[in-house]
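Report on one structure; see the data block that follows.
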Amino acid sequence: MTTTRIAGLREKLQQIGVDAFLVTNAVNRRYISAFTGSSGVLLVSQKDSWLLTDFRYMTQAPEQAVDFAVVQHAPKWIDTVKELAVSAGIKRLAFEQDTVVFSEYTAWKSTLGDAVELVPVSGVIEELRLYKDESELAIMRDACKLADDTFQHMLTFIKPGLREREVALEMEMFMRSRGATSSSFDTIVASGERSALPHGVASERVIGSNEFVKLDFGAYYNGYCSDLTRTVVVGKPTDRHRQIYEIVLEAQLAALAGIKPGMTGKEADALARDIITKHGFGDKFGHGTGHGLGMEIHEAPRLSIGGTTVLEPGMTVTVEPGIYLPGFGGVRIEDDIVITATGNSLLTSSPKTLFILE
Ligand code: GLY
Ligand code: MN
């Protein structure tokens, strides 16, 4: 698995015109090497692939990073990078400029001096991560199934009188007890007027009657995230509840029906946005229709007004239009999909009829 990823990175080295790549971003490190420890850097040239880590990981690292020579680094790992680079004739070294802070960069530069030139790059491994392979999709399907199962469970759990935090705790316990490492972000349980908050993380609010409860949550499982939103009504829905729900559902289904390879993120976004706008709620849908999803909860590509990336098979994204009416409430419906050769395929499968919980 990691041999293909290392090969992908080596092609990038050639394109960028550097001798080696220094991976310091922890997510990218795991992607390229399979090492899950909390500390370590990768140094990859056309010939060599090293994982530098510390004493704590000298048993774990060789077991996980089977395509890497594992080196226990000096107290300052950059000293070991310099030693390896000089001995291997590495002169130009790419580094991930979006992960490093200025003081670290200054220290690296002073250690490497004139021996090794640091070349700043952005998004190189993230570009490889855009295209999920079958092993990644299998994990993501499991992560999505965990989210689907959690929603099913919550349909029997949610009732008036519970605090949002109690609902979130139950969701997180359910996911953790079935294999999730954690939730993939702070669980959103937003009820009543709070459901108009697009990111209303669970609060002390007590769920009342005749109101929306919006659940947005996901499982972080085996290194990958799922992300699911469903909105239910507790008690009796009014016509307004039904109207907003139906518009969001229409928009979400239209996007799911239309998203296909060759389309830009902006075009995908418009599939949902145009419907919400047509019904007069365009200004109540103030976020993008979706985002890339994988090892991180938010990654490329974006399905938004500014989304320039062209969608291609293997990309995994969310589809999550919403309408938010301050003082009343809001609805979002979100699924995860993978772009296929001809369209897209759902990774999540929770039902989307309006659930009315008594
Ligand atoms: N579901 C959380 C988010 O997309 O930001
Ligand atoms: Mn999302």
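These numbers come from the heavy atoms of this one structure, side chains and all, not from hydrogens, waters or symmetry mates. First listed ligand is number 1; within each ligand, the first listed atom is number 1.
Taking the ring axis of F355 as reference, the NZ or CZ atom of R230 does not stay both within 45° of it and closer than 6.0 Å to the ring centre. For the pair R240 and F328, the cation-pi test (distance below 6.0 Å, angle within 45°) is passed. Judged by the 6.0 Å and 45° rule, R273 forms a cation-pi pair with F285. Both the sub-6.0 Å distance and the 45° axial angle are not jointly satisfied by R176 relative to the ring of F174.
No donor-acceptor contact under 3.5 angstrom links the side chains of S195 and Y324, judged on distance only.
Taking CG of L228 as the reference point, atom CG of L215 lies at 8.5 Å (rounded to 0.5 Å).
With hydrophobic clusters built from ILVMFWY side chains whose heavy atoms lie under 4.5 angstrom apart, L293 shares a cluster with I139.
Between D269 and R302 no salt bridge is recorded (no basic side-chain N to carboxylate O distance below 4.0 Å).
Residues lining ligand 1 at a heavy-atom distance below 4.0 Å are given as F185, H199, D216, D227, H291, H298, E320, E334, ordered by chain and residue number.
The distance cut-off of 2.8 Å around the Mn ion (ligand 2) captures these protein N, O or S atoms, sorted by chain and number: D227 OD2, H291 NE2, E320 OE2, E334 OE2.
Shown are V81, D54, D79; of these, the side chain to side chain contact (heavy atoms under 4.5 Å, CB included) with H73 is made only by D54.
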